[in-house]
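Following: one structure in structure tokens, then a few remarks.
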Amino acid sequence: MAALGRFLVVFAAAIAAAASIGKLVPHVPGLAAEFGIALGTAGFLVSAVMLPGALAGPLFGAAADRSPARRLVMLGLALQAAASALAPFASTLHAIVALRLVEGAGYSLVIVSGTLLVVAVSAARHQALALATFSAFAPLGFALGQLFAARAGWLGIGFGHAAALAVMAALVLWTLPPGTRPGPPRQRAPLFNALRHAPALRTAAAFGCVAGLLLGAVALAPLALAAAAGISIAAAAQLAALAALAGIAGRFASGWLLGRHAPWRVLAVATALGIACLPAALAAAAPLGMALIAYAAFQIAMGALAGILSAMLPRVAPSGGELGAVTGLTNQLVTLGNLFGPPLTLAVYGAGGAWASVALLMGIAAAAALLVRTVPAYARSP
């Protein structure tokens, strides 16, 4: 199979894995009511799938550096499929949390190992475009998971997602040769060397801020739009998910511009303007159409920012043999952002309303910008 076909298989597998997060978003209020818990606590069920990566990201990365990436992707998909199929039969909150943690372990294996597969199947001249485009798996998976779950019951969500994951595992097995890895065999580096490398650490931390900002906004959008427009939360979730698909264009555009050596200043200004649309989208009580346009602009900017950070991972790694460790570290901080983004944002929304929660998200965006400002790779045009 051609390189593009192999990339699309890995990309689709990552999208199926990321749907684990979005599939619970429309049901957060219902979960809170069913189990008698606060809205912020119910939001934790959305992000609990990120906890294994948050606790052991570098370990997942080290495994990817030392084992065939294809094998780990298939293992991750299998874990997610099993947990998803069992979820409809979970009758307690503890059982749901346990299954979400199993899904999270599978998710981390798919994303970390999948990043190495993207590098392996991409030509050097297309690497920035491939990595930036691959980063679109997150919002696309979130959005598709929301759209599917908004119209399905628990049995349909669990079995439907499990079936999609099983199909992707079969495609990975069929299309990618065993032992696929980026480049020739590499010298093994110390497990935690990436933790001491400032460019990698700052990039990973910035990525964590971006993840918390993005998933916090995804969790907030259905509630804020429903309250402002007087529509149901389920309808608002579907509209927000459709608007979020615009973020894919931002990721593709950032990779395309990086491949053509666009000045960093142009990319920075464009993403800042897009992020500045968030208050108009979720806090200004604008007409629904205007709010959705502003939310789409925000998603485009977030997509561009995530695409830039993804494309830069090979450049900030201490060495080629530590790309897996850097990706695992990034996944760890991304999952921390995803873990705390929704419950923190929803808790602030419950206490102070839309403006308070949006102010929190804008502060997180500023923190991401400050983190990469002193990294040499970002201080010059690519």
Side-chain angles (χ1 to χ4, degrees), residues 10-28 30-31 42-57 60 72-90 93 95-115 134-169 171-172 211-212 214-216 218-219 222 237 241 244 331-332 334-343:
V10 179
F11 186 36
I15 291 171
S20 294
I21 303 170
K23 68 184 183 181
L24 287 192
V25 170
H27 300 280
V28 166
L31 288 168
F44 173 76
L45 293 175
V46 174
S47 52
V49 73
M50 314 302 292
L51 186 57
L55 296 176
F60 288 114
L72 294 180
V73 167
M74 292 173 59
L75 174 60
L77 292 170
L79 287 174
Q80 286 192 288
S84 186
L86 290 172
F89 306 102
L93 184 61
I96 293 176
V97 171
L99 290 172
R100 294 292 282 170
L101 294 178
V102 173
E103 279 194 89
Y107 173 82
S108 294
L109 285 172
V110 172
I111 301 314
V112 174
S113 301
T115 302
F134 179 71
S135 71
F137 77 83
L140 187 53
F142 298 164
L144 292 177
Q146 288 184 65
L147 289 172
F148 173 65
R151 296 178 176 272
W154 280 115
L155 192 64
I157 292 171
F159 283 15
H161 189 215
L165 292 163
V167 168
M168 293 317 307
L171 285 175
V172 169
L214 181 59
L215 198 54
V218 167
N331 184 56
Q332 181 178 45
V334 165
T335 52
L336 282 172
N338 284 332
L339 179 67
F340 292 106

Next item on the list: Give the minimum heavy-atom separation between Ser84 and Gly158, together with the two atoms involved.
Entry: OG-O, 2.9 Å
Margin query: Restricting to non-hydrogen atoms, name the atom on Val10 and the atom on Gly114 that form the minimum distance, rounded to 0.1 Å.
Written below: CG1-O, 3.5 Å
Notebook entry, point to check: Looking at Leu77 and Ala13, what are the two nearest heavy atoms and their distance?
Noted result: CD2-O, 4.0 Å
Margin query: Could you tell me if the side chain of Ile111 sits less than 4.5 Å from the side chain of Phe137, heavy atoms only?
Written below: yes
Item checked: Minimal non-hydrogen separation, Ala81 against Leu165, with atom names -> N-CD1, 3.5 Å
Notebook entry, point to check: Considering only heavy atoms from C-beta outward, does the side chain of Pro52 approach that of Leu101 to under 4.5 Å?
Noted result: yes
Next item on the list: Look at the side chain of Gln332 and the backbone N and O of Gly53, then say whether any donor-acceptor pair between them is shorter than 3.5 Å.
Entry: no
Check: Quick one: CG on Leu79 to CG on Leu99, what's the gap to the nearest 0.5 Å?
Finding: 11.5 Å
Next item on the list: Would you name the heavy atoms of Phe11 and Phe134 that are closest together and state the gap between them?
Entry: CE1-O, 3.7 Å
Next item on the list: Any chance you could measure Leu86, atom CG, to Ile96, atom CD1, to the nearest 0.5 Å?
Entry: 12.5 Å
Checklist line | Sequence neighbours excluded - salt bridge (charged side-chain N to carboxylate O under 4.0 Å, His left out) pairs with any residue from residues 101-113 | finding: Lys23-Glu103, Arg100-Glu103
Checklist line | Atom CZ of Phe148: over 12 foreign heavy atoms under 6.0 Å | finding: yes
Next item on the list: Supply the atom-to-atom distance Tyr107 OH to Leu51 CG, rounded to the nearest 0.5 angstrom.
Entry: 13.5 Å
Check: Where is the tightest heavy-atom contact between Val110 and Ala14, given as atom of each residue plus distance?
Finding: CG1-CA, 4.1 Å
Check: With distance as the sole test, does Ser113 use its side chain to make a donor-acceptor pair with the main-chain N or O of Leu109 at under 3.5 Å?
Finding: yes
Margin query: Using only atom types and a distance under 3.5 Å, with no angle test, would you say the side chain of Ser108 pairs donor to acceptor with the backbone of Ala105?
Written below: no
